[in-house]
Amino acid sequence: MTGTEASRRRAIVVGAGIVGVCSASYLQRAGYDVELIDPAEPGSEDQCSYGNAGGICPGSCVPIGMPGMLKKVPEWLLDPEGPLFVRLGYLPQAMPWILRLLSAGRRSRVPAIADAMRALHQGTYDAYAPLLKEAGCEVLLARRGQLFVHESANAVSPSDFGLTLRRERGVAIEFLNEDEIRQLEPALAHRFKSAVFLPEQGQCKNPGRLVASLAAAFVRNGGTLTRARVTGFETGPNGIAAVSTDAGRRAADTVVLSAGAWSKALAKSLGYRVPMEAERGYHVQVTGADVGLRTQTIWSERKFVASPMEGGLRFAGTIELSGLGRPPNYRRADILLSMGREMVRNLEVGEVTRWMGNRPGMPDSLPVLGRAARHRNLIFAFGHGHTGLIAGAVTGRLVAEIARGETPSIDLSPYRLERF
């Protein structure tokens, strides 16, 4: 399709989180007339994209499900402060997803998943570059690496399966001892004796402002942003004829479904079964806190993250399965703050904000990306789970390639919904 042909075509993107905004921006750059629809303001606290830890990591290739997880899950489920929490009444609904997660973590399956993660993430800097420049927010991306700290001096072996996955896929890795940790990040508590440093990784210093800035640039360039809730779809002989919203009907030639955790129900209305769970994630941010931490740091044993942000120091992480729509359990956020006090030195806790969002989690840590099987003008772009910010711009670029009928720049077969 030529740029002239594309300019006469209309695209609707459902969902204005990071994936949706990037998809709308790349479709716009390809010449489409684009409408972006979401009930929430882009970049607001109502979006999952707002509250993540901010990692933009081209080397991200280790899935959530890993060998050995089966032995750990019962312990985690019984530990109210553990990295995985399932509300007891929701356990029957969550169990099929948990079993799929464990299956995806088998040693025989993980390498192929790691390949697909690396393929999707390694171009993140290049894909974001034109969008950040156009939006005037290049300062939001800091390439300071990523640090995984351990409490034991011999906790990390070079033959560790996760490190092997990274090394085999060309990710730069450095091992640090206790003294080297102190030199790199003196703000960390002295309890950490060894670490793995990934120097090529990066971080967004304000994910909410990033989404808002990209959305504002999209509108400045002629895009339409509609605050409305999508209620369904009208189908016709060529696929999706129109999108139904609580603000009226919207006709389109191409529709992109990128509504995060709400994509499951919308896809189901069209007859597609998506094994997605809302992985509720929490953060607590200490406003104005500046302990001197420069690098996004993961406490490996406790599986949570400390991220220096524009507005203070953010602690984030863990997974809670409770279903969409249930009120937040902010005790989960308070647990993060308690661990944060143990992680960094000289943390003065004044004003604290707490947040919860619903990550769109697929059990194999891979999104659903590609044309829908039965509606050829419908493009799926959802289910990124913990890596939406990493893969947002790459996904947007791929969506534009798919819409234009071009050969995608990476093989999309690992991300098709039909893999389940």
Side-chain angles (χ1 to χ4, degrees), residues 50-60 62 81 83 139-156 162-163 166 171-210 281-318 332-355 386 389-390:
Y50 168 88
N52 62 57
I56 298 184
C57 305
S60 177
V62 178
E81 298 187 5
V139 67
L140 290 180
L141 177 57
R143 303 192 193 187
R144 294 177 177 170
Q146 190 178 45
L147 186 64
F148 293 78
V149 292
H150 298 264
E151 296 178 72
S152 170
N154 56 2
V156 182
L163 291 177
R166 291 186 173 100
V171 180
I173 299 170
E174 299 176 11
F175 297 95
L176 307 183
N177 60 32
E178 184 175 2
D179 288 340
E180 291 165 330
I181 295 172
R182 300 286 83 75
Q183 294 172 28
L184 179 67
E185 288 294 354
L188 291 172
H190 292 169
R191 67 192 307 147
F192 302 113
K193 309 302 181 184
S194 63
V196 173
F197 181 59
L198 308 181
E200 298 169 341
Q201 312 287 59
Q203 184 196 345
C204 174
K205 296 184 288 185
N206 190 329
R209 186 157 81 89
L210 172 63
Y282 291 83
H283 86 221
V284 58
Q285 185 158 315
V286 184
T287 303
D290 184 7
V291 298
L293 190 72
R294 299 180 67 255
T295 308
Q296 184 183 81
T297 302
I298 296 89
W299 187 343
S300 298
E301 286 85 359
R302 300 200 182 183
K303 301 188 183 305
F304 87 109
V305 187
S307 292
M309 293 284 177
E310 279 188 332
L313 186 59
R314 178 175 295 180
F315 301 106
T318 73
R332 301 287 296 169
D334 293 335
I335 291 170
L336 293 172
L337 180 58
S338 176
M339 291 191 291
R341 291 176 185 271
E342 299 179 46
M343 185 178 189
V344 299
R345 304 167 60 205
N346 303 320
L347 178 61
E348 296 183 6
V349 178
E351 182 183 350
V352 172
T353 58
R354 296 168 176 82
W355 174 90
H386 298 246
L389 196 66
I390 303 172

**Q.** Donor-acceptor contact present, side-chain Arg345 to main-chain Pro186, <3.5 Å
**A.** yes

Q) Should Leu198 and Ile173 count as side-chain neighbours, where that means a heavy-atom distance under 4.5 Å? A) yes

Q.
Over 60° means perpendicular and under 30° means parallel, so tell me whether Phe304 and Phe315 are parallel, tilted or perpendicular.
A. tilted

Q) Going from CE on Met339 to OG1 on Thr318, what distance comes out if it is rounded to the nearest 0.5 angstrom? A) 7.0 Å

Q | Minimal non-hydrogen separation, Gln146 against Cys57, with atom names | A | NE2-SG, 3.7 Å

Q: Ignoring hydrogens and angles, tell me if any N or O in the side chain of Ser307 forms a donor-acceptor pair with the backbone of Gln296 under 3.5 Å.
A: no

Q | Atom pair CE/CG of Met343 and Leu313 - distance to nearest 0.5 Å | A | 9.0 Å

**Q.** Reported NZ-to-NE2 distance for the pair Lys193 and His150, which is rounded to 0.5 angstrom
**A.** 14.0 Å

Q: Would you indicate whether the side-chain heavy atoms of Val139 and Arg209 approach each other to under 4.5 Å?
A: yes

Q) Nearest heavy-atom pair of Leu347 and Ala289: which atoms, and what distance? A) CD1-CB, 4.0 Å

Q. Could you give the distance from CG (Leu184) to CG (Leu176), rounded to the nearest 0.5 Å?
A. 6.5 Å

(Q) Under a 3.5 Å distance rule, please check whether Arg314 uses its side chain to pair with a backbone N or O of Asn52 as donor and acceptor. (A) yes

Q | Within 6.0 Å of CZ in Arg354, more than 12 heavy atoms from elsewhere | A | yes

**Q.** Residue pair Ala333 / Val284: nearest heavy atoms and the distance that separates them
**A.** O-CG1, 3.6 Å

Q) Between Ala53 and Ala316, what is the shortest heavy-atom contact and its length? A) CB-CB, 4.2 Å

Q: Indicate yes or no: at least one non-hydrogen side-chain atom of Leu210 is less than 4.5 angstrom from one of Leu389.
A: yes

Q) Of the options Val196, Val171, Val62, which is the one that meets Leu163 in a side chain to side chain contact (heavy atoms under 4.5 Å, CB included)? A) Val196

Q.
With a 4.5 Å cut-off on side-chain heavy atoms, are Phe192 and Glu178 touching?
A. no

Q) Does Ser194 reach the main-chain N or O of Asn177 with its side chain, forming a donor-acceptor pair under 3.5 Å? A) no

Q.
Ignoring hydrogens, what is the shortest heavy-atom contact between Ala189 and Glu342? Give both atom names and the distance.
A. CB-O, 3.3 Å

Q) Does a side-chain heavy-atom distance below 4.5 Å link Leu188 with Val344? A) yes

Q) Taking side chain as C-beta onward, heavy atoms only, is Arg191 less than 4.5 Å from Trp299? A) yes

Q.
Distance check, rounded to the nearest 0.5 Å: Asn206 atom CG versus Leu140 atom CG?
A. 6.5 Å

Q. How many angstroms lie between CG in Asp334 and OH in Tyr282, if you round to the nearest 0.5 Å?
A. 10.5 Å

Q: Look at the side chain of Gln203 and the backbone N and O of Thr295, then say whether any donor-acceptor pair between them is shorter than 3.5 Å.
A: no

Q) Which heavy-atom pair separates Leu336 from Gly317 by the least distance, and what is that distance? A) CD1-N, 4.1 Å

(Q) Between Pro207 and Met309, is there a side-chain heavy-atom distance shorter than 4.5 Å? (A) yes

Q. With the threshold set at 4.0 Å, does a side-chain nitrogen-carboxylate oxygen contact exist between Lys205 and Glu310?
A. no

